[in-house]
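Okay, structure first, notes after.
Because the structure is a prediction, the values reported are computed rather than measured.
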Amino acid sequence: MINRRKFIKTMSALGISIPAMAKSITKKSSNTSTVKNNPIIVCSRGEKWGRKVLKPGWDILKNNGLLLDAVEKSANVTELDPKDTSVGYGGLPNENGVVQLDSSIMYGPTHNCGSVAAIEGIKTPCSVARLVMERTDHIHIVGKGAQDFAKAHGFKVENLLTEHARKIWLRWKENLSDQDDWFPPADGNYDTHRSNGTINVLAVDSVGDIAGITTTSGLAWKIPGRIGDSPIIGAGLYVDNEVGAVGATGRGEELLRSCGSFYAIEQMRAGKSPQEACEAVCERIIYINGGKDKINFSDKMVAVNKDGDVGCAAIQGRKGGEPELAYWSKKGFKVLKGTYLIEN
Ligand code: GLY
């Protein structure tokens with residue numbers, strides 16, 4: 001096996017810098033043919049978020065910019081927006097009122113990936129995950145180690161708990177039990193929804209190379225240190241440059257024990273469409289849980305294949321409120337309505 005330090009030293013002696021090496025690895029392309037619906041960039045949201053999330057990524061892709069820049073800049077939009085309470089800055093905190101973020105990135109041409117989990121104080125965890133992929137020999141870095149790594153790369157440590165998120169957390173805490181000393185206000189109207197929203201951004205560039213990102217603040221009120229599917233390669237995200245990219249949102253524990261995103265990629269490799277592959281994951285999770293009657297949660301899958309065909313399915317939801325995916329391609333901005341396996 002090549003000694004990594006020796007390799008880096010040799011490259012430096014040849015006048016090739018580490019960032020230049022990382023970049024050249026990033027730019028490696030395995031395919032030069034033009035295929036049908038690409039370039040395309042996809043996210044696991046509908047009209048409301050889709051357009052503003054996908055715009056910066058599409059601008060990069062249509063100008064033949066770097067695929068990884070496209071998915072990162074699009075994912076950064078939700079990470080930096082305090083109005084989204086399930087991703088990045090403004091995300092709902094853990095049970096102690098601390099925001100802990102999870103994110104992963106995967107790049108098809110090199111089959112490389114990076115992730116951070118339970119990282120605190122950094123608004124854009126997907127950008128840190130990208131640096132784990134490009135500037136380390138590791139794949140997952142968690143907790144304080146992830147924050148220290150981000151600081152080493154110049155990221156600012158900031159308070160991610162917005163006033164809005166703090167108030168929702170406080171109401172939750174005050175209403176937890178009537179056996180403790182925390183009292184809710186008399187006019188206690190508050191949002192009880194325990195979110196585990198997330199966003200996936202997937203893209204295929206003009207030469208058919210594929211990349212993806214998943215980023216989240218995870219399950220609201222989680223036990224500190226809990227990690228969901230989003231930073232786990234194969235659960236919340238998987239990319240295979242010969243097949244496509246898949247991302248997941250929803251109850252992370254189910255996506256972890258089904259390896260949901262990897263399962264969908266293997267379904268597509270075996271010939272299923274992205275839509276059929278997303279439905280197959282939902283069916284598998286329902287089966288693992290003992291059938292439709294046993295399901296009291298949901299997961300949503302989004303997928304794109306190498307040709308730029310897309311699919312979206314969720315385990316359950318309200319009739320008329322089908323799960324959505326937005327994409328931007330040469331045909332413009334579009335929203336696809338997916339399917340539910342169980343309609344309530
Ligand atoms: N899917 C996000 C989470 O469970 O953390």
Q: In sequence, state the C-alpha distance, the side-chain angles, and the governing distance for Lys331 and Asn37, and then conclude on side chain to side chain contact (heavy atoms under 4.5 Å, CB included).
A: CA-CA 9 Å; Lys331 297 174 192 160; Asn37 296 329; 3.4 Å; yes
Q) Is a donor on one side and an acceptor on the other found under 3.5 Å between the side chain of Asp229 and the backbone of Leu255? A) no
**Q.** By side chain to side chain donor-acceptor pair (under 3.5 Å) - contacts of Lys334 (at least two apart)
**A.** none
Q: Consider only side-chain heavy atoms of I, L, V, M, F, W and Y, link residues closer than 4.5 Å, and tell whether Val116 and Ile139 are in one cluster.
A: no
**Q.** Path from Ile233 to Ile210 over hydrophobic side-chain contacts below 4.5 Å
**A.** yes
Q | Sole candidate of Glu322, Glu47, Glu324 that passes salt bridge (charged side-chain N to carboxylate O under 4.0 Å, His left out) when paired with Lys337 | A | Glu324
(Q) Surrounding NE2 of His153 (heavy atoms of other residues, nucleotides or ligands, distance under 6.0 Å), is the total greater than 12? (A) yes
Q. Hey, what do you get for CD1 (Ile213) to CD1 (Ile199), rounding to the nearest 0.5 Å?
A. 10.5 Å
Q | side chain to side chain contact (heavy atoms under 4.5 Å, CB included) evaluation trace for Ile342 with Ile315 | A | CA-CA 6 Å; Ile342 309 167; Ile315 291 180; 4.2 Å; yes
Q) Can you find a side-chain donor-acceptor pair between Asn38 and Asp205 that sits under 3.5 Å? A) no
Q: Verify, without hydrogens or angle tests, whether Tyr107 (side chain) and Asp209 (backbone) share a donor-acceptor contact under 3.5 angstrom.
A: no
(Q) Tell me whether Ile232 shares a hydrophobic cluster with Val128, the cluster being built from Ile, Leu, Val, Met, Phe, Trp, Tyr side chains joined at under 4.5 Å. (A) no
Q: Mind listing the closest non-hydrogen atom pair of Ala326 and Gly50 along with its distance?
A: CB-CA, 3.9 Å
Q | Heavy atoms of other groups near Lys52 NZ, more than 12 under 6.0 Å | A | yes
Q.
Could you tell me if Asp309 and Ser273 have a donor-acceptor pair between their side chains, going purely by distance under 3.5 Å?
A. no
Q) So which residues get pulled into Leu80's cluster when ILVMFWY side chains under 4.5 Å apart are joined, directly or through others? A) none
Q: Starting at OG of Ser103, measure out to CZ of Arg130 and round the result to the nearest 0.5 Å.
A: 12.0 Å
Q | Interatomic distance, Tyr89 atom OH to Asp81 atom CG [nearest 0.5 angstrom] | A | 10.0 Å
Q. Is there side-chain contact between Glu79 and Val87, with at least one heavy-atom pair below 4.5 Å?
A. yes
Q: Report the relative orientation of the aromatic rings in Trp182 and Trp169; use parallel for angles under 30°, tilted for 30 to 60°, perpendicular for over 60°.
A: perpendicular
Q: Answer yes or no: is there a donor N or O on one side and an acceptor on the other, between the side chain of Asn200 and the main chain of Ala248, under 3.5 Å?
A: yes
Q | Sub-4.5 Å side-chain heavy-atom contact between Lys300 and Cys312 | A | yes
I'd like a table of donor-acceptor pairs (distance under 3.5 Å, sequence neighbours excluded) in which one partner is a side-chain atom from residues 119-127, with atom names and distances.
| residue | atom | partner | partner atom | Å |
| --- | --- | --- | --- | --- |
| Glu120 | OE2 | Gln100 | NE2 | 2.9 |
| Lys123 | NZ | Glu158 | OE1 | 3.3 |
| Ser127 | OG | Glu72 | OE2 | 2.6 |
| Ser127 | OG | Asn76 | ND2 | 3.3 |

Q) Salt bridge check: are Arg226 and Glu95 linked by an N-O gap of less than 4.0 Å? A) no
Q) Short question: side chain of Lys306, backbone of Gly208 - any donor-acceptor pair under 3.5 Å? A) yes
Q | Reported CG-to-CG distance for the pair Asp84 and Leu92, which is rounded to 0.5 angstrom | A | 9.5 Å
Q. Distance-only, no hydrogens or angles: does the Ser74 side chain make a donor-acceptor pair with backbone N or O of Pro56 under 3.5 Å?
A. no
Q. Do side-chain atoms of Thr214 reach the backbone of Gly236 as a donor and acceptor pair under 3.5 angstrom?
A. yes
Q) Considering only heavy atoms from C-beta outward, does the side chain of Cys43 approach that of Tyr327 to under 4.5 Å? A) no
Q.
Less than 4.5 Å apart, side chain to side chain, heavy atoms only: is that true for Leu68 and Glu134?
A. yes
Q) Are any of the side-chain heavy atoms of Ser115 and Met106 separated by less than 4.5 Å? A) no
Q.
Within this structure, what is the OG1-CH2 distance for the pair Thr78 and Trp49, rounded to the nearest 0.5 Å?
A. 6.5 Å
(Q) In the structure I gave you, are the side-chain heavy atoms of Leu61 and Val204 within less than 4.5 Å of one another anywhere? (A) no
Q. Considering all heavy atoms of both residues, which atom of Ala245 and which atom of Val239 are nearest to each other, and what is their separation?
A. CB-CG2, 3.9 Å
Q) Do side-chain atoms of Ser217 reach the backbone of Gly88 as a donor and acceptor pair under 3.5 angstrom? A) no
Q | Distance (rounded to the nearest 0.5 Å) between Asn175 CG and Asp180 CG | A | 10.0 Å
Q. Quick check: are there more than 12 heavy atoms from other residues, nucleotides or ligands sitting under 6.0 Å from CD of Glu242?
A. no
(Q) Is any side-chain heavy atom of Ser44 closer than 4.5 Å to one of Met301? (A) no
Q.
Taking side chain to side chain donor-acceptor pair (under 3.5 Å) as the definition, give me every residue that meets it alongside His111, ordered by chain and number, with sequence neighbours left out.
A. Tyr238
Q: Just jot down the side chain to side chain donor-acceptor pair (under 3.5 Å) partners of Arg269, sequence neighbours excluded, or say none.
A: Asp240, Glu266
Q) Which atom names give the shortest non-hydrogen contact between Pro93 and Ala165, and what distance separates them? A) CD-O, 4.3 Å
**Q.** Cluster link Ile60 to Leu66, ILVMFWY, side chain under 4.5 Å
**A.** no
Q. Under the side chain to side chain contact (heavy atoms under 4.5 Å, CB included) criterion, do Phe297 and Gln316 qualify, and how do the steps go?
A. CA-CA 8 Å; Phe297 58 83; Gln316 66 173 323; 5.5 Å; no
Q. Within a strict 4.5 Å, meaning less than it, do heavy atoms of the Leu131 and Phe155 side chains meet?
A. yes
Q. Minimum heavy-atom separation for Leu256 to Ile227, with atom names?
A. CD1-O, 4.0 Å
(Q) Using only atom types and a distance under 3.5 Å, with no angle test, would you say the side chain of Thr198 pairs donor to acceptor with the backbone of Thr215? (A) no
Q: Provide the closest heavy-atom pair for Lys272 versus Glu276 in the form atom of the first, atom of the second, distance.
A: CA-OE1, 3.4 Å
Acceptor/donor pairs from residues 282-290 side chains to any protein atom, 3.5 angstrom cut, sequence neighbours excluded:
| residue | atom | partner | partner atom | Å |
| --- | --- | --- | --- | --- |
| Asn289 | OD1 | Arg257 | NH2 | 3.0 |
| Asn289 | ND2 | Glu254 | OE1 | 2.9 |
| Asn289 | ND2 | Ile285 | O | 2.8 |

Q.
With clusters defined by side-chain heavy atoms of hydrophobic residues (ILVMFWY) lying less than 4.5 Å apart, directly or transitively, does Leu101 cluster with Val142?
A. no
Q: Please name the pair of heavy atoms, one in Ala277 and one in Ala264, separated by the smallest distance, quoted to 0.1 Å.
A: CB-O, 3.5 Å
(Q) Is there a side chain to side chain contact (heavy atoms under 4.5 Å, CB included) between Thr136 and Phe149? Walk through the geometry before answering. (A) CA-CA 10 Å; Thr136 79; Phe149 174 75; 3.4 Å; yes
Q: Spell out, as yes or no, whether a donor-acceptor pair under 3.5 Å connects the side chain of Asn94 to the backbone of Asn96.
A: yes
